[in-house]
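Reviewing the structure listed below.
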Amino acid sequence: IVYAAKAPEAKAFQLFLRRLDDRLARPIPGTEGAREPVFSSNGASIAYIHDAKAIRRIPVSGGTVETVLQGSEQSNFFVLRWGDDDFIYYDDDGTEGIYRVSAKGATPQVVVKGGSPEYPEPLPGGRTVLYSGEIDNEIRVMDIETGKSQSLGLKALEIPTHPRSG
């Protein structure tokens with residue numbers, strides 16, 4: 001289990017890892033300023049938002065923190081998901097869009113722009129992503145290959161999600 005928390009003596013949130021066979025959670029060094037942690041589909045790495053302006057990753061086993069994407073001064077990264085296509089999907093309130101970036105780092109790609117989209121949830125296979133509109137709370141699905149978006153006729157106040165195996 002990984003989560004972001006602030007230790008009593010700490011100045012910022014950081015990631016903590018608690019293995020299921022251990023009663024104690026341990027801080028993950030180098031993750032100060034972290035929030036929104038997500039596991040890779042194989043469980044070997046954790047990605048997280050750093051200070052709302054960057055996406056970083058670190059191996060679960062420990063090691064060097066890598067910057068996947070450094071945002072701009074206008075960036076306000078919010079909600080992070082790691083798809084089984086090895087792309088990291090995120091909502092940027094600073095530009096009112098949903099984007100994806102290779103987990104290895106690259107130029108981000110626009111997935112949804114306009115209409116204040118938020119809460120991306122990539123579906124298996126990497127072709128489609130669920131999201132909701134901030135203004136109307138309508139759940140939509142976007143076909144990334146065709147760029148077509150379709151309403152599911154549902155409204156939600158929470159992040160749309162789907163079952164994952166494992």
Side-chain angles (χ1 to χ4, degrees), residues 1-5 13-15 28 31 33-60 65-166:
I1 299 169
V2 67
Y3 57 92
F13 281 80
Q14 79 174 103
L15 296 184
I28 301 174
T31 63
R35 66 182 175 90
E36 297 282 339
V38 293
F39 282 98
S40 60
S41 59
N42 66 6
S45 294
I46 301 165
Y48 60 92
I49 296 171
H50 179 261
D51 290 337
K53 305 280 185 223
I55 297 173
R56 296 184 174 171
R57 68 182 273 180
I58 188 167
V60 172
V65 173
E66 298 173 30
T67 298
V68 174
L69 176 66
Q70 181 62 54
S72 69
E73 198 54 41
Q74 292 80 23
S75 296
N76 185 22
F77 298 157
F78 179 73
V79 181
L80 201 65
R81 298 288 180 263
W82 198 326
D84 67 2
D85 57 354
D86 212 28
F87 277 89
I88 297 172
Y89 294 76
Y90 63 97
D91 175 352
D92 185 351
D93 280 353
T95 62
E96 295 191 359
I98 293 174
Y99 301 84
R100 71 179 189 168
V101 63
S102 168
K104 296 176 180 134
T107 301
Q109 303 168 355
V110 176
V111 176
V112 183
K113 191 79 168 149
S116 297
E118 58 184 7
Y119 302 120
E121 182 65 37
L123 296 175
R127 182 176 172 149
T128 52
V129 62
L130 285 175
Y131 67 97
S132 66
E134 179 181 22
I135 297 168
D136 61 8
N137 296 325
E138 184 125 7
I139 298 175
R140 295 178 171 84
V141 63
M142 169 68 78
D143 184 317
I144 296 169
E145 291 180 19
T146 67
K148 294 191 181 201
S149 177
Q150 179 179 344
S151 171
L152 297 181
L154 303 168
K155 293 188 182 268
L157 296 175
E158 297 290 326
I159 300 170
T161 190
H162 65 91
R164 290 175 172 80
S165 62

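Source: prediction; values computed, not measured. All values below were derived from every heavy atom in this structure, side-chain atoms included, with hydrogens, water molecules and symmetry-related copies excluded.
Contact record, D143 with T128: CA-CG2, 4.0 Å, taken as the closest heavy-atom pair. Residues P37 and A4 come closest through the heavy atom pair CG-N, 4.2 Å. Considering all non-hydrogen atoms of both residues, R57 and A103 come closest at NH1-O, 2.8 Å. Y48 approaches R35 most closely through the heavy-atom pair CB-O, 3.6 Å. Considering all non-hydrogen atoms of both residues, Y119 and F78 come closest at CE2-CE2, 3.8 Å. Closest non-hydrogen pair, I144 versus G126, comes out as CD1-O, 3.8 Å.
Taken from CG in D86 to OG in S40, the straight-line distance is 7.5 Å, to the nearest 0.5 Å. Atom CD1 of residue I88 and atom CZ of residue R100 lie 12.0 Å apart, to the nearest 0.5 angstrom. Remark: Q74 CD to K53 NZ distance equals 7.5 Å, nearest 0.5 Å. To the nearest 0.5 Å, the span separating OH on Y131 from CZ on R140 amounts to 5.0 Å. Note: T31 OG1 to R56 CZ = 10.0 Å, rounded to the nearest 0.5 Å. To the nearest 0.5 Å, atom CG of residue L130 and atom CG of residue L123 are 4.5 Å apart.
Looking at heavy atoms from C-beta onward, V129 lies out of side-chain contact with R81 at the 4.5 angstrom threshold. The closest side-chain heavy-atom distance from S149 to V112 is not below 4.5 Å. By the 4.5 Å heavy-atom criterion applied to side chains, I46 and I28 are counted as neighbours. In this structure, the side chains of P120 and V79 come closer than 4.5 Å at one or more pairs of heavy atoms. Between P117 and D91, the closest side-chain pair of non-hydrogen atoms is not below 4.5 Å.
Heavy atoms of other residues, nucleotides or ligands lying less than 6.0 angstrom from NZ of K113 number more than 12.
With sequence neighbours left out, D92 forms a salt bridge (Lys or Arg N to Asp or Glu O under 4.0 Å) with no residue at all. Remark: Y90 pairs with F77, Y99 by the ring pair (Phe, Tyr, Trp, His ring centres under 6.0 Å) rule, at least two apart or across chains.
Formation of a donor-acceptor pair under 3.5 Å by the Q14 side chain with backbone atoms of A34 is not found in this model.
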